[in-house]
Protein chains: 2
Amino acid sequence: MSRIAYVNGRYLPHRRASVHVEDRGFQFADAVYEVIAVRGGALIDEELHLKRLHRSLGELRIAAPMSDAALKSVIREVLRRNGVADGALYLQISRGAARRDFPFPPGIEPTLVVTAQRRRGPSTKQVEEGVGVVTLPDIRWRRPDIKSVALLPNLLGKQQAREAGAFEAWLVDRDGNVTEGTSSNAWIVTAAGEVVTRQADTSILNGVTRLGLIGLLAREGLTLVERPFSVAEAKTAREAFLTSSTNFILPVVTIDGAPIGNGYPGSVVRRLRQAYEGHVAAQGAA
Amino acid sequence: MSRIAYVNGRYLPHRRASVHVEDRGFQFADAVYEVIAVRGGALIDEELHLKRLHRSLGELRIAAPMSDAALKSVIREVLRRNGVADGALYLQISRGAARRDFPFPPGIEPTLVVTAQRRRGPSTKQVEEGVGVVTLPDIRWRRPDIKSVALLPNLLGKQQAREAGAFEAWLVDRDGNVTEGTSSNAWIVTAAGEVVTRQADTSILNGVTRLGLIGLLAREGLTLVERPFSVAEAKTAREAFLTSSTNFILPVVTIDGAPIGNGYPGSVVRRLRQAYEGHVAAQGAA
């Protein structure tokens, strides 16, 4: 838990860090966010996160609360005050607080909240033995490419997954194709050895780890194919895995209880995890 | 603007009324709400609002923060402290504040916020001359029957309507049928004089004004048909109107700029508005 949180210009003790009851983030989900992994004091792929943040803000026409340079200073100060060198940085920007009314209020100042956590990454067991996913209908709104806090369907899916003994839920569109997980992107490796993930259109969030991994595939001599894949194809894939900013890459070894391949993490996902850890370590050393 | 807001057991000056930055209402849209019209000191159809509140809470498995009797006391105290006899009561219940993580946190206490506004109802002009709507794709999640604060698509639709010079947006499903407005239910009157509104399945919010009006139709000698209707049917309807807790009943006289009927409020909607005002006045007098 963050000991100090940044809220609209002030560094506050965590328990006193608050936003107004008429903040549009609280009343309307009128807000966007980013979660950035921190390793060895470095913010992993910070520029990609800020780029995506600006895209989300632009799509919702929410003003940036400050320049990127100023935001980077705040982020670093929050990490410093919380003594977080390995964990996660959370930032949220809402349209601001105003008398409750649906349309964008004129002359409103955005709300910025920044917190930091010493977050456990995935367990060694999860990395080495893999995790299970269940499949659920994708009931989200049609713009999950915007990283908004309208996460109610996501958390309901995650809860359902956990109650089914799974780590994550993979969401399935009306055509029977997997879109993504509730807080991660979904990948498979085909019998031909191709690495497949859905193309980043408006149906998924374009994960920063997804982008980072795509950048590593060619170097690893692997072929990327961006296309939808069905639940049936995923269940008979050679390997499956998920990516997210806090978990990096995790093998998926069961889908709806059915084992993928021999039920153990395959060689491709193990190689990619190692390559991605190199990508992370290189930034920490910088 | 509410001068005094109730937040988790305390009556606070409005400007100091806040929730924690890790409230799940702020970070996840993990919250539900109700808006209740207040007229002549009476809470209009309060029991229907509380019944719907419990349904929303139950669907999301959020605990009620207190008994209905206690909640009614808080609601009345907020009205009293704000001197609101004509306006609107807003209440929001989130799952509570906890370290950010998607699944339901164990042992969490729900957050309750109650505010009151002296709200202008619709203008005389809007009531007498009607309003315009535009049609937009319904991009919301698939459970708008739950009155959650995941309202981002709703407010984007409302904003788009206002920028197009319209009062409201009617949302259209993949089959070309109107679901409802961004914050109101949608109705038409057919050439045969039937009053048509979409059936209350998971595709719409079952409005309290919708329910109240349904109760009045038979008394007015009008036939109700609950079924989907298309944009094309709406544009050639004899009359069209919308209902909401804060606007009661408003004639819709244009859809996407095209006039409905002769472009003036019809006889059915004028009769229904009058009947509904009687329904409201009866409660204020009680």
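Keep in mind that this is a model prediction, so the values were computed, not measured. Below, read A as the first sequence line, B as the second, and so on, with proteins coming before strands; counting in each chain starts at 1.
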Report which part of A/V19 has an atom under 4.5 Å of a heavy atom belonging to chain B: side chain, backbone, both, or neither.
both
Top residue by heavy-atom pair count (under 4.5 Å) with chain A, among B/P137, B/A29, B/S183, B/G157?
B/A29
Output the option from B/T111, B/V21, B/L12, B/V7 having the highest count of non-hydrogen pairs under 4.5 Å with chain A.
B/V21
Could you go through the side-chain contact (heavy atoms from CB on, under 4.5 Å) check for B/L79 and B/L43 one step at a time?
CA-CA 10 Å; B/L79 291 179; B/L43 290 143; 3.9 Å; yes
Under a 4.5 Å cut-off applied to non-hydrogen side-chain atoms, are A/L71 and A/L112 in contact?
yes
Checking heavy atoms, do the side chain of B/F104, its backbone, both or neither come under 4.5 Å from chain A?
both
Checking side-chain contact (heavy atoms from CB on, under 4.5 Å) for the pair A/I75/A/Y6: CA distance, chi angles, key distance, verdict?
CA-CA 9 Å; A/I75 287 171; A/Y6 174 93; over 6 Å; no
Which atoms of B/V113 are under 4.5 Å from chain A, going by heavy atoms: the side chain, the backbone, both sets, or neither?
side chain
Pair A/D173 + A/R198, salt bridge at N-O below 4.0 Å:
yes
Quick one: are B/R52 and B/L205 in side-chain contact, heavy atoms under 4.5 Å?
yes
Closest contact, heavy atoms only, A/F248 versus A/A37
CE2-CB, 3.9 Å
Tell me, do B/D256 and B/V134 make a side-chain contact under 4.5 Å, heavy atoms counted?
yes
Just checking heavy atoms, which of residues 143-155 of chain B are less than 4.5 Å from chain A?
B/R143, B/S148, B/V149, B/A150, B/L151, B/L152, B/P153, B/N154, B/L155
Strictly distance-based, threshold 3.5 Å: is any side-chain N or O of A/T179 a donor or acceptor partner for the main-chain N or O of A/L171?
yes
Let me confirm one number: the OG-CE distance from B/S73 to B/M66, rounded to the nearest 0.5 Å.
9.0 Å
Part of A/R100 within contact of chain B (heavy atom distance under 4.5 Å):
both
Quick one: what part of B/Q92 sits under 4.5 Å from any heavy atom of chain A, side chain, backbone, both or neither?
side chain
Using the side-chain contact (heavy atoms from CB on, under 4.5 Å) rule, take A/R118 and A/D86 through it: C-alpha gap first, then chi angles, then the decisive distance, then the call.
CA-CA 6 Å; A/R118 284 199 198 105; A/D86 291 284; over 6 Å; no
Could you tell me which portion of B/R24 (side chain, backbone, both or neither) has an atom closer than 4.5 angstrom to a non-hydrogen atom of chain A?
side chain
Contact class of B/Q160 relative to chain A, heavy atoms under 4.5 angstrom
neither
Within-4.5 Å side-chain heavy-atom neighbours: B/T243 and B/F241:
yes
So for B/D30, is it side chain, backbone, both, or neither that comes closer than 4.5 Å to the heavy atoms of chain A?
both
side-chain contact (heavy atoms from CB on, under 4.5 Å) assessment of B/R3 paired with B/R81:
CA-CA 8 Å; B/R3 291 168 301 168; B/R81 292 198 187 210; over 6 Å; no
B/R174, B/R162, B/K158: which one forms the most heavy-atom pairs within less than 4.5 Å of chain A?
B/R174
Can you tell which part of B/R140 gets under 4.5 Å to a heavy atom of chain A, answering side chain, backbone, both or neither?
backbone
